[in-house]
Amino acid sequence: MENQIEVSNKKMARIAGLLYLVVVLTGIISLAYIPSKLIVWDNAATTFNNIVNSQFLFRLGIVSGLICYTFFVFLPLTLYRLLKSVNKIYAQAMFVLAVVSVPISFVNMLNKFAVLSLVSDASLQKMYTNEQLQNQVLFYLNQYDYGNLIVQIFWGLWLFPFGYLVFKSGFLPKILGIFLMLGCFSYLINFLGFSLLSNYADFGVSSMVRLPASIGEIGTCLWLLIMGAKNKAVVN
């Protein structure tokens, strides 16, 4: 019986790791890699031309984002099943705080579809001058960026109960749990920084602040995927 539990636990952990890997990779593509190739935040004309000339890449960013958010529904559900034996209340909190972010992210993606309409719809292009189109594209991209800033609240909050469960589990490394809990505050600090200070980006600290979250999430993803998990802990 114990061997069956261990096999089941390892299988569940590896499924969670695979889901996490999809979330991480599609998140990097949609939130970091593609924007870095297309968006110049202080130059609307260059940004507009980049998107027009690389529409497939922009569309790939939209699809990658939607895949990321879809898998982010199944990831906390799988983690809940894996970790509820550690502490059911914390597991429920983890699940709810993670899933709350998904509808916000989906609605926020409408800003990118608005950009797509502006660069590809011939009827819209007849209604506006090139400068107006360029400014509107950058406007919607800024709205999308602000939407992501709001979602970061929940991207951070879910990591605290998740990290606590990892720390207390007995079958996952405690250090990953510590990084995940610190990652909660990483997201919240960056949210407050960008929200309260107009020049927060100029400080160049946001990527350093986000480092514990990156280490915790990528580390946990790889551990679950490669190592799996041992027997479940006894219910508290």
Please examine the side chains of [Y] and [X], heavy atoms only from C-beta on, and report whether any two atoms are closer than 4.5 Å.
X    : Y    : result
F154 : V99  : no
L180 : F167 : no
V205 : Y200 : yes
T26  : S30  : no
F160 : F185 : yes
Q136 : S117 : no
Y69  : M109 : yes
L224 : L222 : no

Near [X] [atom1], under 6.0 Å, is it more than 12 heavy atoms from other residues, nucleotides or ligands?
X    : atom1 : value
F71  : CZ    : no
Y33  : OH    : no
L196 : CG    : yes
Y140 : OH    : no
F74  : CZ    : no
K174 : NZ    : yes

Starting from the C-alpha separation in whole Å, work towards a yes-or-no answer on side-chain contact (heavy atoms from CB on, under 4.5 Å) for W41 and N142. CA-CA 8 Å; W41 291 107; N142 271 295; 3.7 Å; yes
Which atoms form the tightest heavy-atom contact between [X] and [Y], and what is the distance?
X    : Y    : value
L182 : P212 : CB-CB, 3.9 Å
S64  : I29  : OG-CG2, 3.5 Å
N108 : Y144 : ND2-O, 3.0 Å
L165 : M94  : CD1-SD, 4.1 Å
Y187 : G156 : CB-CA, 3.5 Å
A91  : K84  : CB-CA, 3.8 Å

Are [X] and [Y] in one and the same hydrophobic cluster, where Ile, Leu, Val, Met, Phe, Trp and Tyr link if side-chain heavy atoms are under 4.5 Å apart?
X    : Y    : result
V23  : I28  : yes
F72  : V100 : yes
I104 : L192 : yes
V73  : V107 : no
F106 : L97  : yes

Short side-chain to backbone donor-acceptor contact, [X] and [Y], under 3.5 Å:
X    : Y    : value
T78  : A16  : no
Q132 : T129 : yes
N199 : D202 : no
R14  : I226 : yes
S169 : L172 : yes
N135 : E131 : yes

Could you label the plane-to-plane angle of the Y20 and W158 rings as parallel, tilted or perpendicular, counting under 30° as parallel and over 60° as perpendicular?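 It falls in the tilted class, 30° to 60°.
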In terms of relative ring orientation, are F95 and Y80 parallel, tilted or perpendicular, with 30° and 60° separating the classes?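 Ring orientation of F95 relative to Y80: tilted.
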Hey, what do you get for [atom1] ([X]) to [atom2] ([Y]), rounding to the nearest 0.5 Å?
X    : Y    : atom1 : atom2 : answer
L18  : L75  : CG    : CG    : 10.5 Å
M208 : I189 : CE    : CD1   : 12.0 Å
I215 : I178 : CD1   : CD1   : 12.0 Å
L82  : K10  : CG    : NZ    : 13.0 Å
T220 : L159 : OG1   : CG    : 9.0 Å
L188 : L157 : CG    : CG    : 5.0 Å

L116 and K112: side-chain contact (heavy atoms from CB on, under 4.5 Å), yes or no, with the steps? CA-CA 6 Å; L116 196 57; K112 281 198 170 182; over 6 Å; no
Please step through side-chain contact (heavy atoms from CB on, under 4.5 Å) for the pair T47 and Q134, ending with a clear verdict. CA-CA 8 Å; T47 299; Q134 292 163 5; over 6 Å; no
Among S206, S207, S195, the one residue meeting side-chain contact (heavy atoms from CB on, under 4.5 Å) with N190: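 Answer to the side-chain contact (heavy atoms from CB on, under 4.5 Å) test with N190 among S206, S207, S195: S206.
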Apply the side-chain contact (heavy atoms from CB on, under 4.5 Å) test between F48 and each candidate in L38, V137, L138; give the one that qualifies.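 Among L38, V137, L138, the one that satisfies the side-chain contact (heavy atoms from CB on, under 4.5 Å) with F48 is V137.
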Between S120 and Q55, does a side-chain contact (heavy atoms from CB on, under 4.5 Å) hold up when you go through it step by step? CA-CA 9 Å; S120 62; Q55 275 195 47; 3.7 Å; yes
Listed once per pair and sorted, the ring-ring contact (aromatic ring centres under 6.0 Å, His included) pairs that draw on residues 110-135, sequence neighbours left out: none
Side-chain donor-acceptor pair under 3.5 Å between Y146 and N111, yes or no? no
